Protein chains: 2
Amino acid sequence: MSKEMKIKTFDRILDVTQDLIQTRGYSSISFSEIALLVGIKKPSVIHHFPSKSALVKAVVVRYRSFFSNALNQISESKDKTALQALEFYFIPYIDVGSLGQKICLCGALAGEFTALPQEIQNEVRLFFRDHQSWLEGILTRGKNSKEFHFDDSPSKLAALFLGALQGALVVQRASGNLNYIQDVIIGLKMKLL
Amino acid sequence: MSKEMKIKTFDRILDVTQDLIQTRGYSSISFSEIALLVGIKKPSVIHHFPSKSALVKAVVVRYRSFFSNALNQISESKDKTALQALEFYFIPYIDVGSLGQKICLCGALAGEFTALPQEIQNEVRLFFRDHQSWLEGILTRGKNSKEFHFDDSPSKLAALFLGALQGALVVQRASGNLNYIQDVIIGLKMKLL
DNA sequence: GTCTATAGGTGGATAGAC
DNA sequence: GTCTATCCACCTATAGAC
């Protein structure tokens with residue numbers, strides 16, 4: 001028996017805001033636009049989140065926590081090879097890239113980094129550090145198990161992976177070449193042979 | 001005998017605007033701020049560039065043309081090896097990254113791509129296509145001359161190089177790791193052995 | 001929890017004096 | 001070419017009724 005659940009206004013505001021940032025960035029979006037897309041009025045948005053900064057911080061916190069859970073789950077499932085774990089990591093990049101207009105939430109915010117309120121800068125910084133160290137962990141595991149063969153340090157290679165994936169989404173959208181992220185992932189995987 | 005030349009207001013506006021975009025992006029900067037940094041008033045800026053869109057377009061056109069000249073010069077100097085040509089290409093990325101607060105002009109604009117006026121979107125798109133095809137050319141030359149050894153297609157590898165360099169600048173600034181761009185370049189160069 | 005009304009500020013852009 | 005003054009649209013945010 002599936003209980004019908006209405007998505008709460010609170011969550012719909014978060015969804016709409018995240019979508020807008022991934023599409024257009026931080027500075028160019030406004031309460032009025034969010035309100036319009038949610039289907040309420042501007043002061044109702046502010047009732048749930050007292051400031052733009054607080055709203056966007058909540059979006060990034062939720063985003064970080066989504067990935068934190070997903071990445072922990074991947075790391076802990078010992079039946080997965082290191083390559084399978086990496087393939088799972090690539091999926092959201094491929095998915096968001098295929099839409100053609102969106103990039104990673106934190107990639108979008110990082111593009112305007114110096115224009116962001118400090119509390120948001122901090123969250124974005126943590127996102128990249130989390131992903132950097134998760135990638136380092138998977139690459140190290142694959143190297144130790146002789147599954148991967150590379151001469152770089154795992155830390156430098158993780159930097160290459162993270163930077164390339166983030167950059168590929170940005171360049172793909174701007175250049176209009178919809179194969180960009182796929183091509184980059186192929187190039188990254190060839191570093192592991 | 002060096003003739004003293006005052007930098008014209010016109011060019012100082014372009015310089016200040018470019019600097020601001022590389023630091024903070026497109027949407028969050030304003031005529032007032034540009035005027036303040038140039039040392040004139042807002043309507044004086046608008047006297048030189050009739051709209052924000054026209055001003056930023058002029059900045060991107062100048063930026064593209066700077067790189068267009070530099071890259072042509074590198075390609076045409078036949079005394080340079082393909083690796084030396086690549087090393088020249090890396091220099092501006094290393095330089096801008098070392099400042100800690102700036103990224104590529106077009107990388108910054110691409111992060112807000114969907115928020116940009118169409119005429120600016122077009123310029124940014126051309127920047128990435130120019131750089132993609134220049135990299136493709138150098139990589140092809142190095143492969144044909146047996147200087148480089150890689151199994152990817154030159155096109156896919158060029159995508160990896162461009163995406164990784166752009167992404168590395170963004171992630172470096174946001175994560176606060178000042179070695180990021182260097183680490184990524186090391187990883188890229190190892191693809192050529 | 002949602003609304004109307006509004007405050008106070010800043011945005012891009014214009015008119016017109018010097 | 002630079003300025004003061006001004007316009008109007010839009011921004012974040014608040015007060016207070018329902």
Side-chain angles (χ1 to χ4, degrees), chain A residues 4-21 23-60 108-109 111-112 114-121 123, chain B residues 4-21 23-61 108-109 111-121 123:
Chain A
E4 290 218 21
M5 293 290 278
K6 229 179 51 179
I7 300 170
K8 296 215 162 101
T9 301
F10 184 91
D11 294 309
R12 292 204 294 134
I13 294 171
L14 291 176
D15 292 343
V16 163
T17 305
Q18 178 174 333
D19 204 87
L20 279 173
I21 295 173
T23 307
R24 297 223 317 274
Y26 176 83
S27 304
S28 74
I29 69 170
S30 67
F31 279 134
S32 352
E33 193 175 9
I34 293 161
L36 194 74
L37 287 168
V38 173
I40 57 180
K41 298 294 178 182
K42 192 165 58 171
S44 305
V45 177
I46 300 176
H47 169 77
H48 292 282
F49 301 94
S51 69
K52 185 176 178 179
S53 174
L55 167 54
V56 174
K57 182 182 172 181
V59 170
V60 185
L109 292 169
E112 296 177 74
T114 318
L116 303 174
Q118 272 250 354
E119 56 176 351
I120 301 177
Q121 289 191 0
E123 289 299 325
Chain B
E4 291 217 21
M5 292 289 276
K6 227 178 53 182
I7 300 170
K8 295 214 163 102
T9 302
F10 184 92
D11 294 309
R12 292 205 294 135
I13 294 171
L14 290 176
D15 292 343
V16 163
T17 305
Q18 178 175 332
D19 204 88
L20 280 171
I21 295 173
T23 307
R24 296 224 317 274
Y26 176 82
S27 305
S28 73
I29 69 170
S30 68
F31 279 132
S32 351
E33 194 176 8
I34 294 161
L36 193 74
L37 287 168
V38 173
I40 57 180
K41 298 294 178 181
K42 187 165 65 169
S44 305
V45 177
I46 300 175
H47 169 77
H48 292 282
F49 302 94
S51 68
K52 185 176 179 179
S53 174
L55 167 55
V56 174
K57 181 182 173 183
V59 170
V60 186
V61 166
L109 292 169
E112 297 177 74
F113 195 73
T114 317
L116 302 175
Q118 272 249 355
E119 55 177 353
I120 302 177
Q121 289 190 1
E123 289 299 325

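Quantities reported herein were computed from a predicted structural model and do not represent experimental measurements. All values below come from the heavy atoms of this structure, side chains included, with hydrogens, waters and symmetry mates left out.
- With rounding to the nearest 0.5 Å, the separation of CG in B/L20 from CG in B/L37 is 5.5 Å.
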- Message: Across nucleotides 6-13 of chain C, 5' to 3', mark each nucleotide with B, S or - according to how protein heavy atoms within less than 4.0 Å reach it.
- Response: -----SBB
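- For the pair B/I34 and B/L55, the minimum side-chain heavy-atom distance is below 4.5 Å.
- Nearest heavy atoms, A/L109 versus A/L116: O-CD1, 3.4 Å.
- Distance alone, capped at 3.5 Å, is enough to place a donor-acceptor pair between the B/E112 side chain and the B/Y26 backbone.
- Taking all atoms of both residues into account, the shortest heavy-atom contact from A/V38 to A/R12 is O-NH1, 3.1 Å.
- Taking B/S44 as the reference, B/I40, B/K41 meet the side chain to side chain contact (heavy atoms under 4.5 Å, CB included) condition, with sequence neighbours excluded.
- Checked by atom type and distance alone, the side chain of B/K52 pairs as donor or acceptor with a backbone atom of B/I29 at under 3.5 Å.
- Mapping heavy-atom proximity under 4.0 Å, the span of DNA chain D touched by chain B runs 5' to 3' from D/dG1 to D/dA5.
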